[in-house]
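In what follows, every heavy atom counts, from backbone to side chain, and hydrogens, waters and symmetry copies are set aside.
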Protein chains: 2
Amino acid sequence: MNLDKFDLAILASLQRNARASLSEIGAEVGLSSTPCWNRIKRMEQAGVIRGYTVDLDPAQLGYQDTVIVHVTLDDHSEQTLYEFGRALADIPEVLEAYLVSGDYDYYIRIAVRDTRDYERLLRERLYLIPGIRHSKSSFVLRQLKQGRLPLQRKDT
Amino acid sequence: MNLDKFDLAILASLQRNARASLSEIGAEVGLSSTPCWNRIKRMEQAGVIRGYTVDLDPAQLGYQDTVIVHVTLDDHSEQTLYEFGRALADIPEVLEAYLVSGDYDYYIRIAVRDTRDYERLLRERLYLIPGIRHSKSSFVLRQLKQGRLPLQRKDT
DNA sequence: AGTGAAAAGGCTTTAAC
DNA sequence: GTTAAAGCCTTTTCACT
C-alpha cells in the first residue's frame, strides 16, 4: 500500500493521541476532516492500522515488575514451536514473545505483580510447558525507553 | 488509586478499541456514557491512563525486521547510564530499552527496514555511543505474541 | 456514587468542485 | 483527489435520584 506524507502525518498524530477528533487530526496535518476520515478508513481496511489501544501505567495496575525470560526448547520442530506459542498465548502476563536467531530460542517479556508473583508464574505456568530445555530470567531494573515506530517516507 | 470492576472493564474496553465512543464503552460495561466519561477523566488525571495510541503494522510501514540487541557498558555509574539512555532516546528505531539484572546490562528492541538498515544503524548510531563494552544481536524470526496488560482485581 | 435530558460540538455522508 | 454543507450521533454539562 502506498502512503503519502498526509497518511504518515495522520498516523503520527494517531500515535500521539488515538482519541483525537478528526478535526484535531485534520488541523495537525493540514487537511479537513473528510479526507482524514477517508484515509483512516483506507488504512484500517488495508491493515496498516491494526487497531487503537490505550497506554496504561503497569505499576498503578499492580504490575510492579517486568521480567525478560530467555528460553531454549528441546527440539526445533514446527510442532514444538506451535505448541509453545499456544501455551504462551494462554498466559495473560506474557506481553511479548519472539522466536529469535542466536543462542537462545525465545525472548519473552512478562509483567509480574512482585517477585512472589514471578516465582508463581514460572513454577505454575511457564515451567509446566513441555519441551523447555533451559531458561534464564532477567529482572528489569529500569525502563529507559518506550518508543513508537518511526514514520517517514522511504525516499526521504 | 482505587479501581473498581467498572474502571477495569472500561480500561479493558479501551485496550480493545481506544477509539470507541462513550456510548459503546458504556454498553459494554453496563453503564451510561456519563459515568464512563467521569471515570475515564479520573483515570487520565491519575495517570493510570497515560495516553491513547494506534497499533500499526510495521511491515507495511517498511520495517521488515526486528532485532534484539544486548549491550554491556564499560562502567555502571549513574552518569554512564544516563548518557546511554539519552543516546538511545535519540535513535527513533529503538522501540524499547531496559536496564536489567543479569549477564547483560541492557535489552534493546529495534525496528529495522532490512539487514542493510540494521548494519547501518549499528555502525552509524549504536556503536558511536561511548562506553559500550560488548553487544550481541538476535534477529527476530517470528513474533509469537503481542499481549496487553491483564486487568483484574487484585483480590479476585 | 448513577441516570437522563439538553446544548454544543463532532462525525459521517452526500454532493459539488 | 479536495471542500462544503446537512443530518445525525456523541460528548459534555446539569438537574435530579
How many Å lie between CG on A/Leu31 and P on D/dT3, as a whole number? 6 Å
To the nearest angstrom, the CD1-P distance between B/Ile40 and D/dT13 comes to 14 Å
Are B/Asp90 and B/Arg125 side-chain neighbours, meaning at least one heavy-atom pair lies under 4.5 Å? yes
In whole Å, I'd like the distance from the CZ atom of A/Arg39 to the P atom of D/dG1. 7 Å
List the steps and the verdict of side-chain hydrogen bond (donor to acceptor under 3.5 Å, both in side chains) for A/Tyr118 and A/Ser137. CA-CA 10 Å; A/Tyr118 157 71; A/Ser137 297; 2.6 Å; yes
Kindly indicate, with the supporting measurements, whether the criterion side-chain hydrogen bond (donor to acceptor under 3.5 Å, both in side chains) is fulfilled by B/Ser138 and A/Tyr107. CA-CA 10 Å; B/Ser138 304; A/Tyr107 293 154; 3.0 Å; yes
Base, backbone or nothing for each nucleotide of nucleotides 4-17 of chain C, written B, S, -, heavy atoms under 4.0 angstrom, 5' to 3'? BB----SSBB----
Using a 6.0 Å cut-off, check whether atom CD of A/Glu124 has over 12 heavy atoms from anything other than its own residue. yes
B/Glu83/B/Thr80 under side-chain hydrogen bond (donor to acceptor under 3.5 Å, both in side chains): CA gap, chis, key distance, verdict: CA-CA 5 Å; B/Glu83 281 170 10; B/Thr80 304; 5.8 Å; no
